[in-house]
Asker: 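Sharing a structure here in structure tokens format.
Since we're looking at a predicted model, the values are computed, not measured. Index from 1, following the sequence. Values below: all heavy atoms of this structure, side chains included; hydrogens, waters and symmetry mates excluded.
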Amino acid sequence: MAEEVTVVATAKIKSGLEEDALAILRGVIEDIHGEEGCVKYTLHRSQNEPGSIAIVERWRSQEDLDKHFKEPHMAPYAKAIEMLSEPPHILFCEQLEIGDPVKGSL
């Protein structure tokens, strides 16, 4: 069985473009939730760093994640990337089983 993949991406949106970038992301996330292999896909706005966001994703397999990047509904992400003040920081992770299995997993 394929091992799940967790992605944690953080980004800083240029000042004044936050709502425009978030609108693009909101418009794509519903389609992402419908993708085969998407276990979780969540968008978070920082409360202590204005303009900073985090996306936490969980995919059934690396193959599903690879397909995700090629989906037609991902095209608007290119416009959102242009609204960033610096390149996003992306971590491809494996979950470590520690502590309570419910609280210790996404």
Asker: Is it true that Arg60 and Glu36 have a side-chain N and a carboxylate O under 4.0 angstrom from each other?
Answerer: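 Judged by the 4.0 Å cut-off on N to carboxylate O distance, Arg60 and Glu36 do form a salt bridge.
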Asker: Can you tell me how far CG of Asp31 sits from SG of Cys38, rounded to the nearest 0.5 angstrom?
Answerer: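 Nearest 0.5 Å value for the SG-CG distance: 11.0 Å.
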Asker: Are Val7 and Ile81 joined in one hydrophobic group, where the rule is that I, L, V, M, F, W and Y side chains link up if heavy atoms are under 4.5 Å apart?
Answerer: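 Shared cluster, yes.
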Asker: Grouping I, L, V, M, F, W and Y whenever their side-chain heavy atoms are under 4.5 Å apart, do Phe69 and Leu84 come out in a common cluster?
Answerer: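 They do share one cluster, since a chain of ILVMFWY contacts under 4.5 Å joins Phe69 to Leu84.
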Asker: Enter the distance from Leu65:CG to Lys70:NZ here, rounded to the nearest 0.5 Å.
Answerer: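 Nearest 0.5 Å value for the CG-NZ distance: 10.5 Å.
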Asker: Give the C-alpha distance, both sets of side-chain angles, the deciding distance and a yes or no for side-chain contact (heavy atoms from CB on, under 4.5 Å) between Tyr77 and Ile24.
Answerer: CA-CA 7 Å; Tyr77 259 72; Ile24 291 170; 5.5 Å; no
Asker: Taking atom CZ of Phe92 and atom CD of Glu57, what is their separation to the nearest 0.5 Å?
Answerer: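 Reported value, rounded in 0.5 Å steps: 8.0 Å.
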Asker: Take the angle between the ring planes of Tyr41 and Trp59 and call it parallel below 30°, perpendicular above 60°, tilted in between.
Answerer: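 Ring orientation, 0 to 90° scale: perpendicular.
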Asker: Working to the nearest 0.5 Å, report the span between CD of Gln62 and CD of Glu3.
Answerer: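 Spacing of CD (Gln62) from CD (Glu3) equals 10.5 Å.
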Asker: If hydrophobic clusters are built from ILVMFWY residues whose side chains come within less than 4.5 Å, do Ile53 and Met74 share one?
Answerer: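 Cluster IDs for Ile53 and Met74 match.
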Asker: Does a side-chain heavy-atom distance below 4.5 Å link Thr10 with Ile90?
Answerer: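 Not in contact.
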Asker: If you round to the nearest 0.5 Å, how far is CD of Glu4 from OG of Ser61?
Answerer: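 Result: 9.0 Å between the selected atoms.
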Asker: Can you see whether Glu30 engages His73 through a side-chain donor-acceptor pair at a distance of less than 3.5 angstrom?
Answerer: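 No, no side-chain donor-acceptor contact under 3.5 Å.
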Asker: Does Glu19 come within less than 4.0 Å of Lys14, counting only side-chain N to carboxylate O?
Answerer: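 Lys14 and Glu19: not salt-bridged.
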Asker: Between Glu63 and Lys67 (salt bridge meaning N to carboxylate O under 4.0 Å), is one present in this structure?
Answerer: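 Salt bridge: yes.
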Asker: Could you measure the distance from the OG atom of Ser46 to the CD atom of Glu18? Nearest 0.5 Å is fine.
Answerer: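 One finds 11.0 Å between OG of Ser46 and CD of Glu18.
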Asker: Linking I/L/V/M/F/W/Y whenever any side-chain heavy atoms sit under 4.5 Å apart, do Val5 and Val56 land together?
Answerer: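 Looking at the clustering, Val56 is in a separate group from Val5.
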Asker: Distance-only, no hydrogens or angles: does the Thr6 side chain make a donor-acceptor pair with backbone N or O of Glu94 under 3.5 Å?
Answerer: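 Pair absent, no side-chain N/O of Thr6 close to backbone of Glu94.
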Asker: Would you check if Ile55 and Thr42 make a side-chain contact, meaning some heavy-atom pair closer than 4.5 Å?
Answerer: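 Of all side-chain heavy-atom pairs linking Thr42 with Ile55, none is under 4.5 Å.
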